[in-house]
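First the structure, in the form of C-alpha cells, and then the observations on it.
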Amino acid sequence: MTYASTRTAKDLYPTRGSEEVLTGRVDPVVWSEPGTPGPIWAHELESYERDGFLSVDELITPDETDVYRAEMDRLLRDPSTLADDRSIVEPKSREVRSVFEVHRISEVFAGLASDPRVVGRARQILGSDVYVHQSRINVKPGFGASGFYWHSDFETWHAEDGLPHMRTVSVSIALTPNYTTNGGLMIMPGSHRSFLGCAGATPKDNYKRSLQMQDAGTPSDEALTKFASACGIKVFTGKAGSATWFDCNAMHGSGDNITPYPRSNVFLVFNSVENRPAKPFAAPVRRPKYIASQDFTPVR
C-alpha cells in the first residue's frame with residue numbers, strides 16, 4: 001500500500017526560519033503503555049525515555065553478522081551499486097559512503113528489517129505497527145572516511161519529509177567493531193527532549209548535497225555548545241553485532257575515521273503507521289522515496 005498525504009498538519013516544531021528556535025518536546029518518547037509486552041525490559045525503557053538511546057551488546061549473533069557483512073561487501077563490489085542513485089559517494093575519494101533502501105535492494109537486509117528482535121523493539125517503543133521510513137548502510141573505510149556532523153534526524157524528517165510527530169526510532173547495527181577512534185556514533189544524552197529549529201531556508205534538492213555534507217539543518221556552534229554543556233556526549237562502542245537504538249530527535253553525529261580500522265553499520269529507521277507524513281514543513285518538495293519511504297505497509 002502506498003500513500004502520499006496532501007493534508008495540512010499543525011507545525012509543532014518550527015524550523016528553517018530566519019533564526020534558531022528552541023522548542024520543548026510535546027510528544028512522548030515511549031509511546032506504548034506501561035507493561036506492554038516486548039523484548040525491552042521495563043528498566044531499559046525507562047533509560048531510553050530518560051537518555052534517548054538504548055544499547056544492546058549482541059542484537060545479532062557473530063554468525064549472522066558474518067552473513068550481513070558479506071552481503072554488504074557484495075553490494076559494494078557490484079558496479080551497479082555505484083551507478084545507482086541510492087548510493088552516496090565521498091566527495092573526494094568517490095568511494096561509496098552510504099547505500100539507501102538496502103531492505104529493498106537486498107533480500108538479506110529485508111530479512112533483518114523484519115527480524116522480531118529488531119521490529120519488536122520498534123513496535124514496543126512506538127506503541128503501534130511500524131513501517132521502514134529509511135534504511136541504509138553507512139560505510140567508513142579506514143584512512144580518511146568523513147563523518148556526519150551534529151544533527152537531529154527529526155529536524156530533517158520534519159522539515160523535508162513531513163513527519164509531523166516524534167514517533168520514529170532508529171537502530172544502528174554494527175557490522176564491524178565500533179571503537180572510540182574509528183568514527184563511532186556520538187549522542188548527547190537527554191538532548192531528545194528539546195527540539196532545535198535551525199536557521200536558514202532549505203535549498204532546492206537539498207538532499208543531493210546534505211547526504212554528502214550537512215548544511216541546511218545544521219545547528220550553530222553556540223547551540224551545540226549549550227547542548228553539550230547540559231547533556232554531555234556519549235560515544236558508542238561495541239563488537240560487530242551490537243546495536244544502538246536512539247530517538248529521532250537525539251542530537252548525534254560521528255567523526256572522521258582516520259584509523260586503519262573500518263567502521264560499517266546498517267541503519268534502519270522505523271516510523272509509526274500512525275505518523276504518516278504530511279507535506280514537508282520547511283522544504284519545497286519531499287525527498288525521493290528511496291530516502292523517505294512513501295510505502296506505509298506495516299513490517300510483518
Side-chain angles (χ1 to χ4, degrees), residues 51-79 81-82 84 86-103 105-106 108-109 112-113 115 117-118 134-151 153 170-189 210-214 224 228 232-246 250-269:
D51 297 329
F53 58 79
L54 171 66
S55 295
V56 179
D57 290 337
E58 186 179 284
L59 183 66
I60 55 177
T61 67
D63 287 345
E64 291 172 311
T65 303
D66 288 343
V67 171
Y68 293 122
R69 188 166 51 242
E71 177 68 355
M72 176 190 69
D73 292 341
R74 183 192 70 80
L75 290 173
L76 296 177
R77 288 195 305 268
D78 189 338
T81 300
L82 185 60
D84 197 311
R86 291 173 287 194
S87 295
I88 310 302
V89 299
E90 290 280 358
K92 294 181 180 179
S93 69
R94 306 306 297 171
E95 292 183 345
V96 174
R97 171 186 175 93
S98 299
V99 180
F100 279 82
E101 219 173 31
V102 291
H103 73 295
I105 294 174
S106 162
V108 174
F109 284 115
L112 180 61
D115 189 303
R117 293 168 294 181
V118 176
Q134 184 185 104
S135 70
R136 68 178 186 263
I137 296 169
N138 286 338
V139 182
K140 278 191 179 181
F143 301 117
S146 57
F148 295 83
Y149 198 68
W150 290 105
H151 63 286
D153 286 329
S170 301
V171 59
S172 178
I173 305 171
L175 300 182
T176 59
N178 282 215
Y179 305 118
T180 57
T181 52
N182 68 343
L185 175 67
M186 298 183 288
I187 294 180
M188 298 185 185
S210 67
L211 296 176
Q212 291 182 327
M213 184 174 294
Q214 188 84 1
L224 288 171
I233 296 173
K234 165 75 173 176
V235 183
F236 292 89
T237 60
K239 62 185 180 181
S242 63
T244 301
W245 293 85
F246 58 101
M251 192 68 72
H252 66 287
S254 64
D256 297 348
N257 182 14
I258 61 172
T259 75
Y261 311 113
R263 174 186 174 266
S264 298
N265 291 34
V266 58
F267 185 79
L268 299 168
V269 180

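Nothing fancy with the numbering, it's 1 onward along the sequence. All values below were derived from every heavy atom in this structure, side-chain atoms included, with hydrogens, water molecules and symmetry-related copies excluded. What you see is a predicted model; the values in this text were computed from it and never measured.
A donor-acceptor pair is defined here as one N or O able to donate and one able to accept, closer than 3.5 Å; such a pair exists between the side chain of R69 and the backbone of L175.
In this pair, H151 and H252 present their aromatic rings tilted. The plane angle is within the 30 to 60° band.
A salt bridge links E64 with R117: the distance from a Lys NZ or Arg NE/NH1/NH2 to an Asp or Glu carboxylate oxygen falls below 4.0 Å.
By the 4.5 Å heavy-atom criterion applied to side chains, D84 and F100 are not counted as neighbours. Two residues are said to be in side-chain contact when any heavy atoms from C-beta on lie closer than 4.5 Å; L82 and V96 meet this criterion. With a 4.5 Å cut-off on side-chain heavy atoms, I258 and F143 do not count as touching. Contact of the N265 side chain with the N178 side chain is registered, since non-hydrogen atoms from C-beta on lie closer than 4.5 Å. For the pair T244 and V171, the minimum side-chain heavy-atom distance is 4.5 Å or more. Residues T176 and T65 are not in side-chain contact: their nearest non-hydrogen atoms beyond the backbone lie 4.5 Å or more apart. Side chains of L224 and Y149 form a contact here, defined as non-hydrogen atoms less than 4.5 Å apart. A 4.5 Å side-chain heavy-atom check between S264 and Y68 finds every atom pair outside the cut-off.
The closest side-chain donor-acceptor pair between R97 and S146 falls under 3.5 angstrom. Looking at S254 and K140, their side chains do bring a donor and an acceptor atom within 3.5 Å of each other. A donor-acceptor contact under 3.5 angstrom links the side chains of N257 and T259, judged on distance only.
Partners of S135 under the side chain to side chain contact (heavy atoms under 4.5 Å, CB included) rule, at least two apart in sequence or in another chain, are V102, H103, V132, L268.
Pairs of residues two or more places apart, or lying in two chains, that qualify as salt bridge (Lys or Arg N to Asp or Glu O under 4.0 Å) and include a residue from residues 51-62 are E58-K239.
Geometrically, R136 engages F267 in a cation-pi contact defined by less than 6.0 Å to the ring centre and at most 45° from the axis.
The heavy-atom pair separating D153 from F246 by the smallest distance is OD2-CE1, 3.7 Å. A pairwise comparison of heavy atoms in G232 and P189 identifies O-CD, 3.4 Å as the closest pair.
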